Amino acid sequence: MNTESNSLVSRRGLLRTGAGLLLATALPPLPGRASGSSEYRIVAAAARARLAGAGRLETDVWAYDGTIPGSLVRLRQGEKARLVVENQLNQETTVHWHGIRLPNAMDGVPGLTQPPIKPGESFVYEFTPPDAGTFWYHPHANSLEQLGRGLSGPVIVAEREAVPVDRDILWFLTDWRLNEEGGIASGFGNRMEAAMSGRVGNTFTLNGRVSEAEAFRAGERIRLRLANGSLARIMALRFEGHRPVIVAIDGQPCDAHEPEGGRILLGPAMRVDILLDMQGEPGRRYGVVDDFYDGLSYRLTQLAYDERPPLREHPLDASFDLPRNPLPEPDPATAEHHDLTLQGGMMSGMGAMQGGGMMHGMTGMGRGPVWAVNGMSMTGDGHAGMEPALTFQRGRSIMLAMRNETAWWHPMHFHGHSLRVLSRNGKPVPHRQWQDTVLMAPRDVVDVAFVADNPGNWMLHCHIMDHQMAGLMTVLRVA
Ligand code: C2O
Ligand code: CU
């Protein structure tokens, strides 16, 4: 075994032995900078996981490196990363590094940016992440089922300078649809669900386990990275007795601000970094509640304070802004304007979408698409022959008016770029926020802008995976 693979093995061993523990507590310090590069070997394969906790039923899953979520990939801003992905599944796969602005050939969309990785084969992803922040990775082949069976994992790109917090914690949140035997329920790609809110699960995990409580000490300042890896579940998190401050959205720092109404909205694929000052009382517990769906609120976990006296007498001074990433500012004066209109789904009344058939239950439903972008439907996952709906000249500033003409929510994800979110329903969006996944409520109109600086064919799709499969997907080209 050569030295390179030796270092891969030891790095992987380190991640494996500590994975659960490290994720549940503080993130590990960065290992030594010996090689100056970040190297990982990630294996996609069948595995078993105890999602409900130790001593409970085991679930057959598909996982990266045998863990749920997959190994934490820690990279450094501006430093080259090399990620070897090995496919030990019995079907083709790829890996998409969600939210990372990388070269098109590394984007992981089968047929569009790379050939799929066949069973038994590997693919080497190499890129230099320009932005520090919270990202994640997942397959982009048969993604409804592959993601739904457990293939996903977090990516943290570390800032060049450490951020002054006591602990940096990640909560990778996922919901699962389990059957009574603890297995993953079958029925992926149910057409009725695809025309409605998608495959929402019945079991919620935090870093791969149902969580009763997470341990904290009074007086701590926490950077808490929240990531929603669910297929379809939108979350609205409230931290009882606490005042979280949002410092980054989708990996991109924004002006620090408290969420509206104290609820942190987290659509599928979104990440939100919050600053949490632990101002509760030693020995007490406070609920973290998700109340997005009317009448279906549940407690995700509790903040459990230990008995120790507060770490410091006074809370740290006012919140802070994270250092900004090097994103190109779009120029409104010269920007090209385009529309992206989302159509279809149940209750759309769209004849073209076979809406009539959809309204009458499962019988007699066609196999045609359910959703469309600008009147065109691309269905399934990445495949050969996807023609771009829009082509932008490289370097141009682009303004997109995104219109949701459907009766459903959609987290719209654009590959290869981060979007400056300008306004929502005519109201300016404050806090200078950038997103790669823009959550749109029914009938929302959202204006976004970006510089088309990354050449290639980039997918744009809804991250409710059933919606993507059923037509809410398109391709934008930067030439
Ligand atoms: Cu996270 Cu195209 O996806
Ligand atoms: Cu959608």
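These numbers come from the heavy atoms of this one structure, side chains and all, not from hydrogens, waters or symmetry mates. Being a predicted model, the structure only gives us computed values, none of them experimental. Counting convention: from 1, in listed order, for ligands and their atoms alike.
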So, with waters excluded, how many protein N/O/S atoms does atom 1 (Cu) of ligand 1 have closer than 2.8 Å?
3
Just by distance, do the side chain of N457 and the backbone of V475 share a donor-acceptor pair under 3.5 Å?
no
T113 versus N104, closest heavy-atom pair with distance:
CB-O, 3.2 Å
Around atom CD of E260, are there more than 12 heavy atoms of other residues, nucleotides or ligands at under 6.0 Å?
no
Sequence-distant partners of Q77, side chain to side chain donor-acceptor pair (under 3.5 Å), two or more places apart:
N325
Taking only Lys NZ, Arg NE, NH1 and NH2, and the carboxylate oxygens of Asp or Glu, determine whether E92 and K118 approach each other closer than 4.0 Å.
no
Restricting to under 2.8 Å, identify the protein N, O or S atoms around the Cu ion (ligand 2) as residue plus atom.
H410 ND1, C462 SG, H467 ND1
Tell me if a side-chain donor or acceptor on D290 pairs with a main-chain N or O of A236 at a distance below 3.5 Å.
yes
Without swapping roles, check the side chain of R199 against the backbone of D466 for a donor-acceptor pair under 3.5 Å.
no
State whether R443 and E405 are salt-bridged, where the test is any N-O pair (Lys NZ or Arg NE/NH1/NH2 against Asp/Glu carboxylate O) under 4.0 Å.
no
Got a sec, which pairs hit side-chain hydrogen bond (donor to acceptor under 3.5 Å, both in side chains) with one end in residues 388-399, sequence neighbours left out?
E336-R396
